[in-house]
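Structure first, commentary second.
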Amino acid sequence: MNKRLAFLEQHVASGAADSFALYGLGMEYRKEGRVDDAVATFVKLRDKDADYLPMYLMAGQVLIDASRTEEARAWLDAGAEVARRKGDGKTLGEIESALALL
């Protein structure tokens with residue numbers, strides 16, 4: 001049993017989760033191969049905090065791994081826009097590298 005996953009699920013269900021906890025839950029779902037749960041969690045995070053930049057790359061990578069190319073491109077394009085607006089060149093470069101794989 002994945003204790004970290006159980007803790008994060010409980011924490012998010014309590015309504016007290018911050019952006020980092022939601023991101024962590026999405027990452028745990030990714031690690032478990034639960035693509036739909038990971039993406040749904042990233043969608044919740046985007047709805048709560050659209051400027052949380054790391055989620056865009058991770059959501060894109062989850063979707064690339066699942067061969068869901070168009071969805072991945074949408075997440076990565078949105079992340080590139082946020083990175084440009086925030087002036088985060090490092091993350092923008094990572095997102096552009098992921099886009100080049102599509």
Side-chain angles (χ1 to χ4, degrees):
M1 177 180 183
N2 184 333
K3 291 182 182 181
R4 187 175 315 135
L5 177 60
F7 170 79
L8 288 167
E9 284 178 331
Q10 184 178 27
H11 187 60
V12 168
S14 76
D18 61 6
S19 297
F20 185 71
L22 277 167
Y23 177 75
L25 180 59
M27 295 302 292
E28 285 300 313
Y29 284 141
R30 178 186 187 197
K31 189 164 61 170
E32 295 286 324
R34 295 171 57 178
V35 173
D36 290 334
D37 290 329
V39 172
T41 302
F42 291 133
V43 167
K44 286 179 191 173
L45 175 53
R46 184 182 59 200
D47 292 345
K48 175 185 171 101
D49 184 0
D51 281 345
Y52 196 83
L53 194 49
M55 86 176 136
Y56 292 99
L57 179 59
M58 290 303 113
Q61 288 178 342
V62 166
L63 291 162
I64 288 169
D65 292 345
S67 299
R68 292 165 57 177
T69 307
E70 292 309 311
E71 290 173 88
R73 184 179 312 281
W75 276 93
L76 294 169
D77 285 341
E81 288 180 31
V82 173
R84 281 187 200 95
R85 183 172 43 79
K86 293 179 89 173
D88 188 333
K90 179 182 182 297
T91 303
L92 178 59
E94 293 172 346
I95 289 171
E96 288 174 341
S97 293
L99 280 166
L101 297 175
L102 300 179

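If you're wondering where the values come from, they're calculated on a predicted model, not measured in any experiment.
- Annotation for Val12 and Ala21: closest pair CG2-O, 4.4 Å, computed over non-hydrogen atoms.
- By the 4.0 Å N-to-carboxylate-O rule, Arg84 lies close enough to Glu96 to be salt-bridged with it.
- Under the 4.5 Å side-chain contact rule for hydrophobic residues, Leu99 and Val39 share a cluster.
- Judged by the 6.0 Å and 45° rule, Arg46 forms a cation-pi pair with Trp75.
- Here the CD-NZ distance, from Glu81 to Lys86, works out to 14.0 Å after rounding to the nearest 0.5 Å.
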Practice item. Evaluate the side-chain contact (heavy atoms from CB on, under 4.5 Å) criterion for residues Thr41 and Leu22: first the C-alpha distance (whole Å), next the side-chain angles of each, then the deciding distance (0.1 Å), finally the verdict. Key: CA-CA 7 Å; Thr41 302; Leu22 277 167; 4.1 Å; yes
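- Leu25 and Val43 fall within a single hydrophobic cluster, where Ile, Leu, Val, Met, Phe, Trp and Tyr are joined by side-chain heavy atoms under 4.5 Å apart, directly or via other members.
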Practice item. Determine, stepwise, if the pair Lys44 / Lys48 fulfils side-chain contact (heavy atoms from CB on, under 4.5 Å). Key: CA-CA 6 Å; Lys44 286 179 191 173; Lys48 175 185 171 101; over 6 Å; no
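- Asp36 has a carboxylate O that lies under 4.0 Å from a charged side-chain N of Arg68, or vice versa, which qualifies the two as a salt bridge.
- Taking the six-membered ring where the residue is Trp, Tyr23 and Phe42 present tilted rings, their angle falling between 30° and 60°.
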Exercise for review: Would you check, one step at a time, whether the test side-chain contact (heavy atoms from CB on, under 4.5 Å) holds for Leu102 with Leu76?
Suggested key: CA-CA 10 Å; Leu102 300 179; Leu76 294 169; 4.1 Å; yes
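- Within a 6.0 Å radius of CD in Gln10, other residues, nucleotides and ligands contribute 12 heavy atoms or fewer.
- Checked for salt-bridge contact, Arg30 and Asp65 meet the test: a charged N lies under 4.0 Å from a carboxylate O.
- Grouping the Ile, Leu, Val, Met, Phe, Trp and Tyr side chains by contacts below 4.5 angstrom, directly or via other members, places Met55 with Phe20.
- Ala98 approaches Leu57 most closely through the heavy-atom pair CB-CD1, 3.9 Å.
- Here the side chain of Ser14 pairs a donor or acceptor atom with the backbone of His11 at under 3.5 angstrom.
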**Study point:** Audit row: Asp51, Arg85, salt bridge (Lys or Arg N to Asp or Glu O under 4.0 Å) steps and yes/no
**Key:** CA-CA 10 Å; Asp51 281 345; Arg85 183 172 43 79; 2.4 Å; yes
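- Closest approach of Ile64 to Ala72, counting heavy atoms only: CG1-CB, 3.7 Å.
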Exercise for review: Begin with the C-alpha distance, continue with both residues' side-chain angles, and end with the deciding distance and a verdict on side-chain contact (heavy atoms from CB on, under 4.5 Å) for Glu32 and Met27.
Suggested key: CA-CA 9 Å; Glu32 295 286 324; Met27 295 302 292; over 6 Å; no
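- Under the 3.5 Å distance criterion, with hydrogens and angles disregarded, a donor-acceptor pair is assigned to the side chains of Glu9 and Tyr29.
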